[in-house]
Every structure is written in structure tokens, then in C-alpha cells.
> 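This is the structure I have questions about; it appears just below.
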Amino acid sequence: MNYYFNEIEAKWQKYWFDNQIFKADNQNGKPKFYVLDMFPYPSGAGLHVGHPLGYIASDIYARYMRHKGYNVLHPMGYDSFGLPAEQYAIQTGQHPAKTTEENIKTYRRQLDQIGFSFDWSREVRTSNPDYYKWTQWIFIQLFESYYCNDAQQARPISELEEVFRAEGNYRINAAADENIEIFTAEEWKNYSEKEKQEILAKYRLTYLSETEVNWCPALGTVLANDEIVNGVSERGGHPVVRKKMKQWSMRITAYAQRLLDGLDKIDWPQPLKDSQINWIGRSEGAMVSFKIIDHNEKIEVFTTRPDTIFGVSFMTLAPEHDLVSRITTDKYKDAVEKYKDATSKRSERDRMADVKTISGQFTGAYVEHPFTGKKVPIWIGDYVLASYGTGAVMAVPCGDQRDYDFAKHFNIEIPNIFQDIDISEHACEDKTAVIANSDFISGMPAKKAIKRIIYELEQKGIGKGKVNYRLRDAVFSRQRYWGEPFPVYYKDGMPQMIDVQFLPLRLPEVEKYLPTEDGKPPLGNAHDWAWDSIENKVVSNEKIDNKTTFQLELNTMPGWAGSSWYFNRYMDAENSNEFAGKKALNYWKDVDLYIGGSEHATGHLLYSRFWQKFLFDRGLLPVDEYAKKLINQGMILGTSAFVYRWEYENGEESDKAKKTIFVSKTKMEKIIKERETIENSKRGVIGEHVDLVNVSKNTSGNKWSHFTPIHADVSFVNASNELDIEAFKNWRPEYKDAEFVLEDGKYIVGREVEKMSKSKYNVVNPDDICEDYGADTLRMYEMFLGPLEQAKPWNTAGISGVHGFLKKMWKLYHSGENGIFYVSEEESTKEELKTLHKTIKKVDEDIADFSFNTSVSSFMIAVNELTSLKCNKRKILEPLAILISPYAPHIAEELWNKMGNDGSISKVEFPVLDLKHLVESTKTYPISFNGKLRFTMELSLDLSKDEIEAAVLAHEKTKQHLAGRTPKKIIVVPGKIVNIVG
RNA sequence: GCCUUGAUGGCGGAAUUGGUAGACGCGCUGGAUUCAAAAUCCAGUUCUGGCAACAGAGUGUGGGUUCGAUUCCCACUCAAGGUACCA
């Protein structure tokens with residue numbers, strides 16, 4: 001009987017579904033284990049072979065842990081809010097919900113086909129109202145909280161109000177906006193309700209603020225930095241301006257230190273931790289304020305090198321800095337305005353990309369140096385970013401290269417404050433340099449000088465030690481339709497929360513998904529979007545006749561909102577009273593293994609840690625880090641195929657110019673080479689490289705033709721790079737009559753490894769693989785391809801090896817001429833047991849360190865060995881099927897079932913390793929030296945007398961090297977001796 | 001520039017704490033089976049020389065530590081990913 005994988009796979013997938021085999025209980029005597037995948041965005045293109053890599057790995061782990069006696073939670077869902085569905089809706093008018101629904105169906109079919117053991121009863125979709133209700137609810141919890149720096153945790157905002165009532169805010173140490181005025185209890189009582197709300201807003205963990213954004217008037221939307229190219233929008237090429245808009249922000253900066261500290265507690269890949277550390281960007285230094293001469297104001301700066309303060313020769317403010325307009329003297333007004341204008345036109349990214357050009361402008365104002373009393377000029381310059389630190393720096397040209405370049409450019413003095421260091425060429429950024437010419441810190445090394453200067457600053461009340469973070473608060477508003485609506489309406493200009501737990505606020509229907517004519521976000525198009533408030537007033541998007549209406553918030557939440565807590569929802573996905581029930585949360589607690597791509601390092605993986613910590617602080621979750629271990633699976637790359645179009649340009653070949661001609665790869669290379677030779681000899685040049693592929697018409701009087709590489713769909717190309725010419729011709733009408741210049745009767749394409757993408761026609765679909773080889777082959781092959789964490793090109797060349805292995809394995813359980821199923825009840829031999837236990841050991845170890853690729857190899861070895869031993873014994877083949885079942889579950893189920901077992905193999909215990917079967921072949925040799933028995937050695941091979949003598953010699957020699965100590969072990973191999981030193 | 005990771009046959013990739021480098025698979029070569037093909041099975045396959053036994057070289061480059069280095073240390077080259085006037 002042959003291995004009909006299609007029948008087997010369909011049969012068992014149905015069995016798993018019908019019997020709910022992978023449904024996890026929220027209560028169970030077994031220990032829990034939570035295996036999580038990053039849920040996908042259901043795009044219109046469906047899954048390609050790159051997507052399932054991580055899912056296969058986690059599925060193997062989940063199945064393995066079930067065999068090991070754990071209660072495994074292995075859920076899946078969809079991150080179904082997102083931009084592509086909205087773009088599609090704008091183009092076609094199709095409702096995003098509908099497109100999303102269709103895409104999800106495709107995804108589900110494809111996922112099922114691969115045989116994953118997901119518990120689909122817990123599926124979540126971020127765009128589902130039953131789900132986003134809780135995303136909105138979490139938003140409200142953030143709004144109702146502030147961050148107490150003393151307690152290092154988030155607390156209810158009501159507590160803060162109580163303190164304000166009792167004693168004002170002078171003792172409050174909270175993460176909040178800068179420039180909060182100190183007030184007393186008395187003053188608090190006298191504030192109006194609105195004033196009180198405005199003050200509280202400065203403490204809330206989510207707050208409205210004027211944020212500078214990249215606004216594209218033509219598209220009516222805010223663009224991310226990477227959506228802008230050369231100052232115009234990537235899409236459409238419309239101008240973009242920097243504009244202040246009122247937007248919701250998340251006070252993630254309050255958690256900067258805890259997000260940093262938390263990394264020590266979790267087992268995540270070091271590169272990923274590094275990029276989070278980098279992103280948070282902690283730096284220690286000091287705040288220093290400089291008094292502006294003839295003004296009542298001060299410039300606050302942050303510096304990591306307060307010890308270089310005696311080297312300050314100017315100050316630089318970001319052009320956007322508040323102080324600029326107030327301190328600029330009349331003489332410089334025009335020049336400063338002009339400079340500000342010029343920089344505001346450049347996006348932040350442009351400014352950062354263009355680091356070579358030095359520009360700046362003197363303001364005419366000066367500060368007083370706090371220690372020397374010297375007059376220090378104030379400049380503005382776009383190398384200072386408004387968004388970092390205080391938007392101002394004390395410039396120390398001798399100690400900072402940027403300040404140095406600026407000073408050189410504008411002829412500002414460069415005082416040297418380092419002992420024996422030459423600064424005539426460049427600044428000295430070395431922290432080991434000794435400070436000089438600096439009054440009371442002269443002669444000190446940097447570390448000591450920093451301590452001393454901070455002490456002095458604090459004594460004088462003009463500065464203090466400070467830790468600064470690069471991390472910024474996260475903007476949380478999007479001018480989009482397809483996202484979670486904010487549960488917010490406005491009353492007297494102040495935001496009010498809508499209690500969605502009792503009064504759900506759903507995404508309304510709109511006719512158009514574009515912004516409104518007057519520039520409001522797409523939700524402004526909603527007509528009958530209204531909600532009755534408890535105050536008996538109508539909250540609505542638009543004015544309703546004769547009623548007082550309050551405006552609803554029209555922005556939606558960003559993509560990361562829904563994905564920042566979904567892993568907790570899986571624990572209790574159907575709960576309609578809570579975001580997740582206490583009991584379920586306490587049982588599952590956290591994710592034991594999380595698998596996903598590293599591209600989310602500073603997005604999803606940072607925001608979700610932030611929300612987790614917040615919810616933990618408020619007593620809503622039992623742990624403050626949600627994923628104990630994380631693995632980044634590497635990307636599977638595509639291998640693009642190229643055909644080479646020959647294009648004529650000169651007169652005599654103009655007839656052919658109308659024809660499309662494709663030249664086979666080697667022929668094309670040959671033609672180019674020949675030309676190169678001709679060209680070079682013509683010009684008398686030898687050995688000079690001339691690129692003739694694209695140029696050539698300029699290099700001589702003769703106009704050469706050239707070749708243009710064109711992506712061909714990889715499905716037209718076989719494993720030996722041969723193009724299916726007919727299929728290619730039918731692909732596009734313009735290729736219908738194309739001619740092909742062949743080599744050996746074939747058209748050979750060029751190959752290149754690139755990211756898998758629709759536009760590169762290099763996408764390989766898992767459906768085709770499942771069709772041709774089966775899901776088990778796909779699963780094993782993807783694992784066999786190489787280490788999980790490494791990026792690798794998709795290449796089907798080796799798939800026949802894995803498929804052949806499964807066929808071979810199938811044959812082990814079938815015997816006789818017609819291949820009838822048969823296993824014998826005989827006792828197993830030593831050799832057979834050795835093979836089995838070797839494999840158990842290897843698979844156990846491999847899964848423990850995620851080396852799935854090598855366990856596929858060990859299965860192959862096992863099956864080869866058992867085949868040559870002609871082993872068909874149940875005692876060996878039953879455990880073998882269990883071993884393989886995490887990798888190839890369908891074939892394992894089928895064989896398990898054929899061997900007369902009831903129920904799913906996934907419920908069976910993993911075979912137990914017995915080491916005694918592995919050491920049986922070692923032998924103890926008595927070793928004598930110079931005729932005297934000295935010791936015995938355990939050796940794993942049969943050795944000749946000569947070899948034993950050689951081993952003894954080697955042993956003695958080693959002993960001499962070790963000055964008498966005995967070596968731990970000697971490995972003796974016929975012909976060679978190797979000692980292992982103890 | 002900085003941070004991180006990596007570099008091993010024709011190819012994908014193995015190699016426990018430093019101890020027979022190249023497991024396993026692909027490809028290739030030869031053979032069996034077949035009228036023939038597919039499928040399957042067996043043998044060989046790092047490179048150089050040799051019919052062979054065998055000899056020499058060999059894990060990006062150059063040094064070092066060690067009885068012994070793919071593995072540890074130093075310097076460099078290249079590649080991939082992240083990040084960037086962060087004061």
C-alpha cells in the first residue's frame with residue numbers, strides 16, 4: 001500500500017476538528033504550558049511558505065509538550081485591523097470588514113491544511129467588536145491612571161485627586177508633563193472643574209497633546225517618517241508639511257526604566273534585547289540651567305558630560321525651541337526667521353539624513369557661564385533636535401565633534417580643556433582624558449570630575465544629576481477608518497470616557513473611507529453615529545436637531561493597540577464580562593514560549609510589554625512580563641528568476657526592435673563577454689572593465705544593444721533553472737510572440753535571492769507544496785532547511801529527500817510484496833533498541849534547544865538503520881511514530897491507528913529514554929605499561945594490540961604534559977590517537 | 001559611524017565543555033532492477049597527486065594560547081540585520 005498523503009492528511013485533520021483534540025482546559029491537573037505565535041495580519045495575498053516557518057516550530061513544540069504531559073495552550077487569531085484593507089476599501093468601496101473576512105477564510109484554510117494543533121475555540125480578531133471593546137476598556141484604564149515615581153507603579157488617578165485635595169501637589173513625584181505649577185490644597189479647591197481636569201490630564205497615562213506630525217494636505221492624513229521621500233509623500237508625491245495636531249499619546253516614557261530592567265528577567269534573544277535597550281536609550285548626565293543675560297529666563301540643557309562645562313563656548317537651541325523668538329535681538333530677527341522657515345520645510349528625517357551640511361544662525365543673545373561668568377553666545381542650529389532632551393545643548397567644541405564642526409564653520413573659539421591633548425584637528429570624545437583649565441576640577445579624570453561638578457551644580461541650585469531617555473511618548477491617534485474607535489467624546493473641549501463595558505461604541509458605517517472635505521478623519525463621514533449619554537445628552541459625530549450634542553473623537557487607534565494584549569485574551573477568549581477572568585489569568589499566567597519575527601523588536605514587543613506592566617500595576621494581571629522565552633524565526637527568502645530581454649537600439653536592427661527577444665543566461669553572458677573583448681581591442685584597452693550590459697551605446701560609434709533583466713514568475717522555472725517557455729508566453733500578452741535564444745535547447749534563467757514579495761514574482765505558496773508532497777513533507781522540509789533563527793532562501797531542491805524519507809518510513813510499517821500493513825510482536829534486538837534510544841535522546845535534546853533541523857536528520861538516520869535491520873517490530877515502531885508525531889503528525893496518526901491503537905497519538909506519552917541501550921558497545925580494556933598493570937580504560941571500539949599500545953604511549957605522554965595528573969579520557973581511533981586532558 | 005549576528009565541500013547545512021571536520025539531505029558518478037522509463041535499492045563523492053595502498057593541503061584572512069583550535073584570544077576582510085546629528 002502506497003503512502004497516499006492527501007487522503008491521510010484530510011482524514012486526520014477532520015478527526016482533530018471533529019473531536020476537538022487540541023482544545024485546552026482552563027483547569028487541569030497537569031502543569032500548564034503556553035505556546036504562542038505572533039498572530040498574522042490577514043493580507044489579500046494569503047500565506048506564502050515563509051509565514052508558516054514559525055508556526056511549524058511552535059506547533060512542534062506544542063505537540064511535544066503535550067506528549068510530555070503538559071496542559072498546552074496553543075491559540076491563534078488575526079491582527080485584523082490594518083492599512084491594506086482600508087486602502088483596498090478606498091479604491092474599490094468594498095467594506096474592510098468584508099475583505100478582512102474573506103482573507104481570514106483563506107488564511108484559515110491554508111493553516112488547517114498544514115495540520116496545526118491550534119485551539120480554534122479561542123480565536124481572537126482585533127477588529128471584532130467583542131474584542132476591541134476591551135482594547136477600548138484598557139485605554140480607559142490608562143486614562144484613569146497616573147504613574148507614581150516613588151512607588152514605581154501606575155495608580156488610579158482618583159488617588160491623585162485625593163492628595164491634591166488634602167495637600168496640593170508639592171509632594172507628588174509622578175511621571176507627567178514638564179512645567180507643572182506647584183499648587184496648594186486651597187488653590188486646588190478654588191480651581192474650576194475644567195482647570196482641575198486640565199491639570200489631571202498632565203498626569204494621565206494617556207493624554208491629548210499638540211504633537212508635531214508630518215501632515216499631507218493632499219492626502220488629508222498624517223504620514224509616518226518612512227512614508228515621506230524627499231519632502232513629498234511616497235504615495236502620489238504630494239507636499240508634506242510639519243504641523244501640530246491634537247493627538248492622543250501614551251506615556252510609555254514613565255515605564256522606560258522598568259522596560260529596561262524587565263529585560264533581565266526574560267529569556268529573549270540578545271540582539272532583540274539590544275535593540276530595545278538602544279531604543280529606550282538611557283543616558284546618565286546632568287541638567288544645567290544657563291541664565292540668559294538681560295532676560296528673566298534660563299536655558300535648560302541636558303548633557304552627559306557636565307565635566308566639560310568649562311569648555312563651553314556657545315549654546316545651541318533647536319530652531320523650534322520656545323525661547324528662540326523671545327530672546328532674538330532685533331538685529332537678528334530677520335535672519336533667525338529665515339533660518340527657522342528653511343528648517344521647518346525639511347522633515348525630521350531629511351534633517352537627520354543630511355548630516356554633512358552645517359547650518360545655523362546667531363540669535364544676538366547671550367547666557368552667563370555659571371562658573372566663569374563669561375558671556376556665551378546663543379545660536380540656533382538644526383543639528384539640535386527639539387524632541388530630545390530639552391531641545392538645547394551646551395556646546396563644547398573641544399569635546400564633541402558636532403560642536404567642533406559647528407564652531408569651525410562659524411569661527412567660534414574652541415577652548416581646550418584637556419590635558420596634553422591636541423585638538424587642532426578634531427574634538428576629543430575620549431572619556432579617559434584628564435580635565436584641565438577648569439578651575440576646581442582641573443587634573444581630575446572625567447568620572448571624578450562629573451561627580452564633583454554635579455555636586456557643585458546642586459549646591460548652587462542651577463542643575464542636578466539626571467537620567468535621560470531617548471524613548472518618546474507614543475502617539476496613539478491615527479486619521480484612519482479601519483481601527484478601534486476611541487471611547488471618547490468632548491465636553492467643553494475636555495475628553496470624556498464612554499464606559500464601553502456597558503455601552504459599546506462600535507465602528508460606524510461610512511460611505512467614503514477618505515478624510516472629509518474639511519479635513520476631518522474618515523470617521524467624520526459617519527452620519528448616524530451617535531450614542532446616548534447618561535446625562536441625557538446626545539453624543540454624536542454631528543449636530544442632531546434641537547439637542548445638545550457632544551462631539552465624538554474621530555481618530556482611531558493605531559495597529560499596535562489590539563496586539564498589545566491579545567495574548568492575555570486567549571486565556572479566556574469568550575469572556576464577555578471581563579477582558580479576561582482572574583481564574584484563567586492566574587492559571588495560565590504568561591507565555592512560556594513566544595515565536596515571531598524580529599522586525600517587531602521596537603514596535604509590538606515594546607508596546608505590549610508596556611501595557612502588560614501597566615495592567616499588572618493596576619492589579620489586573622498576575623505577572624509584569626508576559627513572555628518568558630522568545631525565539632525569532634528567520635525570514636524565508638525567495639529566489640527570484642530573471643529572463644534577459646535583448647533590446648536593439650541602432651538603425652540596422654530596428655525591425656527586430658519591435659520584436660521581444662529573450663536570451664538564455666549563459667548565451668547572454670557570452671555575448672557580453674565577446675563585446676567586451678571587441679570593445680577593448682578597438683580602444684586598445686586591455687584588462688579595463690567595461691560594463692556593457694546597460695551602457696554600450698556611448699562607448700563607440702556603433703550602437704550596441706543591451707539586456708534588461710525581467711522578473712519571471714518562479715512557477716515557470718524548474719529546479720535546474722529551465723524556463724517553461726509556453727507558460728511564460730501565456731503569462732502576459734506582450735510576451736505572446738516573443739522569441740527565445742536558447743542554449744542546448746533550453747532557456748536558462750538567472751537567479752537571485754530576495755525578500756519574498758508579490759511584485760518580484762518569487763512567492764511560493766504552501767498550497768502547491770501540500771498538494772504535491774503533503775503537509776508532513778512541508779513541515780519537515782521547512783525545519784530541515786536550516787536553523788530556525790537564520791534567514792534562508794526557499795529552495796525546493798531538497799524536498800524530494802524529505803518526502804522520500806516519509807515514504808521510507810511508511811514502508812517500515814508495511815511488508816511483503818504488496819506492501820500490506822504489518823508489524824511483528826517479536827522482541828527487539830540490542831541494535832534496534834540502540835537506534836531507537838539514540839533517536840529519543842537526540843530529539844529530546846534538539847527540541848530543548850530549538851535545533852529542529854538536526855532532529856529531522858536523526859529521524860532519517862533511524863529509518864535508514866531500521867530499514868537495513870529489516871526491523872518491523874511493534875516495540876520499536878510504536879515509539880518511533882510518537883517521536884515523529886510533532887513533526888509529521890498526520891502520518892504518525894495514521895500509523896498509530898493502523899497499529900491498532902485508539903484515539904489520537906497526540907495524547908500519548910513521549911517514549912522514555914533508557915541510557916543503558918546506548919552504552920552497551922563500550923568495552924573496558926586493561927592497560928599495562930612496561931608490563932605492569934596500571935589502570936583500566938573504557939573504550940568504545942574494538943582495538944588491535946598495536947593500537948592499545950599506542951594509546952598507552954599517548955596516555956603517558958599526556959601525563960608528562962600534565963605534570964603527573966591523569967588525563968580524564970583517551971579516545972582511541974584505529975590509526976590515530978587523541979587524548980582528552982582532564 | 002555605532003550595535004548585533006554570521007563566514008565550513010558543487011549546494012543547504014552537522015560537529016557535546018577545545019579532542020576522528022564535513023553528520024543528514026540535495027546534486028553528481030557508477031551499478032542493480034526494467035524491453036524502456038519513472039519509482040526503488042546498493043556503492044562512491046572536501047580538494048590536489050596516484051590504478052591503488054597512500055601522501056599532502058584544508059573550516060573568510062593574518063597572528064596568538066594549547067600536546068591538540070571550526071570552537072578560545074587579538075587584528076583585519078566581507079556579508080546580513082538593526083540604528084543614527086541622542087548632546
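Order of the sequence lines sets the chain letters (A, B, ...), proteins ahead of strands, with each chain counted from 1. All values derive from a computational prediction rather than experimental measurement.
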> My understanding is that a pair needs two contacts under 3.5 Å, Watson-Crick or G-U wobble. By that rule, which nucleotide pairs with B:rG18?
none
> From B:rA23, B:rU40, B:rA87, pick the nucleotide closest to the side chain of A:K811?
B:rU40
> Rounded to whole Å, how long is the line connecting atom CD of A:E865 with atom P of B:rA23?
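Those two atoms, CD and P, are 15 Å apart.
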> Quick check on B:rC86: is either OP1 or OP2 less than 4.0 Å from any side-chain nitrogen or oxygen of A:Y469?
no
> Determine the Euclidean distance between corresponding P atoms of B:rC42 and B:rU48; express it in Å to zero decimal places.
28 Å
> Write down the distance separating the P atoms in B:rG30 and B:rA37, rounded off to the nearest Å.
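Comparing P positions in B:rG30 and B:rA37 gives a spacing of 14 Å.
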> So which one's nearest nucleotide on RNA chain B is more toward 5', A:P271 or A:I861?
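Here A:P271 is the residue nearer the 5' end.
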> From B:rC24, B:rA84, B:rU40, pick the nucleotide closest to the side chain of A:K807?
B:rU40
> Roughly how far apart, to the nearest Å, are B:rA55 and B:rG6 at atom P?
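Comparing P positions in B:rA55 and B:rG6 gives a spacing of 36 Å.
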> Tell which nucleotide pairs with B:rG1, taking only Watson-Crick or G-U wobble pairs whose two distances are both under 3.5 angstrom.
B:rU83
> Counting only heavy atoms not in A:K464, do more than 12 sit closer than 6.0 Å to its NZ atom?
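Count not over threshold, so no.
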> For A:L812 and B:rU40, what is the distance between atoms CG and P respectively, to the nearest whole Å?
15 Å
> Determine which nucleotide pairs with B:rC28, using a 3.5 Å limit on both distances of a Watson-Crick or G-U wobble pair.
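B:rG44 - that is the nucleotide pairing with B:rC28, both distances being under 3.5 Å.
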> Nearest whole angstrom, please: distance from the C1' of B:rC86 to the CG of A:L317.
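That distance rounds to 17 Å.
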> Are A:F371 and A:F310 an aromatic pair, judged by ring center distance below 6.0 Å?
yes
> Of the options B:rA87, B:rA14, B:rG25, whose atoms approach the side-chain atoms of A:P787 most closely?
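Given the options B:rA87, B:rA14, B:rG25, the side chain of A:P787 is closest to B:rA14.
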> Determine whether A:E865 and A:K838 satisfy the following criterion, salt bridge (Lys or Arg N to Asp or Glu O under 4.0 Å), listing intermediate values before the conclusion.
CA-CA 11 Å; A:E865 282 175 6; A:K838 204 168 67 182; 3.0 Å; yes
> Please state the P separation for the pair B:rG68 and B:rC78 - nearest whole angstrom.
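B:rG68 and B:rC78 have their P atoms separated by 32 Å.
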> Across all strands, who's sitting opposite B:rG68 as a Watson-Crick or G-U wobble pair, both distances under 3.5 Å?
none
> On a whole-Å scale, what distance lies between the P atoms belonging to B:rU16 and B:rG64?
26 Å
> If you look at every heavy atom in A:Y388 and A:S283, which pair is closest and at what distance?
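Shortest heavy-atom contact: OH-OG, 3.1 Å.
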> Pick the P atom in B:rA84 and in B:rA14, then give their distance to the nearest Å.
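Approximately 32 Å lies between the P atom of B:rA84 and that of B:rA14.
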> Within the 4.0 Å heavy-atom criterion, would you say A:K273 contacts the bases, only the backbone, or no part of the nucleic acid?
nothing
> Between B:rU83, B:rA87, B:rC26, which one does the side chain of A:A797 approach most closely?
B:rC26
> Which one, B:rG13, B:rA87, B:rC24, comes nearest to the side chain of A:Q790?
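Nearest nucleotide to the side chain: B:rG13.
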> For a quick check of understanding: with a heavy-atom distance under 4.0 Å over all strands, which category does A:N864 fall into, base, sugar-phosphate or nothing?
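The answer is sugar-phosphate, as A:N864 gets under 4.0 Å only of primed atoms, P, OP1 or OP2.
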> Among B:rA87, B:rC41, B:rG82, which nucleotide sits nearest the side chain of A:V393?
B:rA87
> Counting Watson-Crick and G-U wobble pairs only, both distances under 3.5 Å, name the nucleotide matched with B:rC76, or none.
B:rG60
> Between A:K841 and A:M394, just flag the one whose closest nucleotide in RNA chain B comes earlier from the 5' side.
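It is A:K841 whose nearest nucleotide is closer to the 5' end.
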> If you only use heavy atoms from C-beta on, which nucleotide in B:rG25, B:rU83, B:rG13 is closest to the side chain of A:K792?
B:rG13
> Check every atom of B:rA87, B:rU83, B:rA14 against the side chain of A:N853 and return the nucleotide holding the closest atom.
B:rA14
> In this structure, how many angstroms lie between the P atom of B:rG25 and the CG atom of A:L806, rounded?
13 Å
> Considering all heavy atoms of both residues, which atom of A:P415 and which atom of A:G311 are nearest to each other, and what is their separation?
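Scanning both residues completely, I find the closest heavy atoms to be CG-O, 3.7 Å.
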> When you compare the side chain of A:F406 with that of A:P397, does any pair of heavy atoms fall below 4.5 Å?
no
> Please give the distance between the P atoms of B:rU59 and B:rC72 as a whole number of Å.
15 Å
> Expressed as a whole number of Å, how far does the P atom of B:rU34 sit from that of B:rG44?
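These two P atoms come out 24 Å apart once rounded.
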> B:rG27 P sits how many Å from A:N795 CG, rounded?
11 Å
> Answer yes when A:K466 and A:E284 have at least one side-chain N-carboxylate O distance shorter than 4.0 Å, and no when they do not.
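Judged by the 4.0 Å cut-off on N to carboxylate O distance, A:K466 and A:E284 do not form a salt bridge.
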> Looking across every strand, which nucleic acid part, if any, lies under 4.0 Å from A:D274 by heavy atom: base, sugar-phosphate, or nothing?
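Counting heavy atoms under 4.0 Å across all strands, the contact made by A:D274 is with sugar-phosphate only.
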> Please classify B:rG60 as syn or anti, treating any glycosidic angle within 90° of 0 as syn.
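It is anti.
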> So what does A:N468 touch, heavy atoms closer than 4.0 Å: a base, only the sugar-phosphate, or nothing?
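Nothing, no heavy atom under 4.0 Å.
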> Can you figure out which of B:rG12, B:rG82, B:rC41 approaches the side chain of A:F784 most closely?
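In terms of side-chain proximity for A:F784, the closest of B:rG12, B:rG82, B:rC41 is B:rG12.
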> Taking CZ from A:R402 and C1' from B:rA84, how many angstroms apart are they, rounded to a whole number?
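Those two atoms, CZ and C1', are 11 Å apart.
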> My understanding is that a pair needs two contacts under 3.5 Å, Watson-Crick or G-U wobble. By that rule, which nucleotide pairs with B:rA23?
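Across all strands, not a single nucleotide pairs with B:rA23.
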> Verify, without hydrogens or angle tests, whether A:H600 (side chain) and A:G596 (backbone) share a donor-acceptor contact under 3.5 angstrom.
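No; zero donor-acceptor contacts below 3.5 Å.
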> Just checking A:S283: base, sugar-phosphate only, or nothing, at a heavy-atom cut-off of under 4.0 Å?
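If one applies the 4.0 Å heavy-atom cut-off, A:S283 turns out to touch the sugar-phosphate alone, with no base involved.
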> Heavy atoms only, 4.0 Å cut-off, all strands: where does A:P793 land among base, sugar-phosphate and nothing?
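Nothing: the residue A:P793, judged by heavy atoms under 4.0 Å, touches no strand.
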> Rounded to the Å, how far apart are A:R282 CZ and B:rU83 C1'?
20 Å
> Provide the closest heavy-atom pair for A:V376 versus A:F314 in the form atom of the first, atom of the second, distance.
CG1-CA, 3.3 Å
> Nearest whole angstrom, please: distance from the C1' of B:rG1 to the NE2 of A:H426.
15 Å
> Taking only side-chain N and O atoms of A:R470, does any of them lie within less than 4.0 angstrom of OP1 or OP2 on B:rU83?
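The answer is no; no side-chain N or O of A:R470 sits under 4.0 Å from OP1 or OP2.
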> Looking at the side chain of A:S800, which of B:rA84, B:rC26, B:rC24 is the nearest nucleotide?
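Output: B:rC26.
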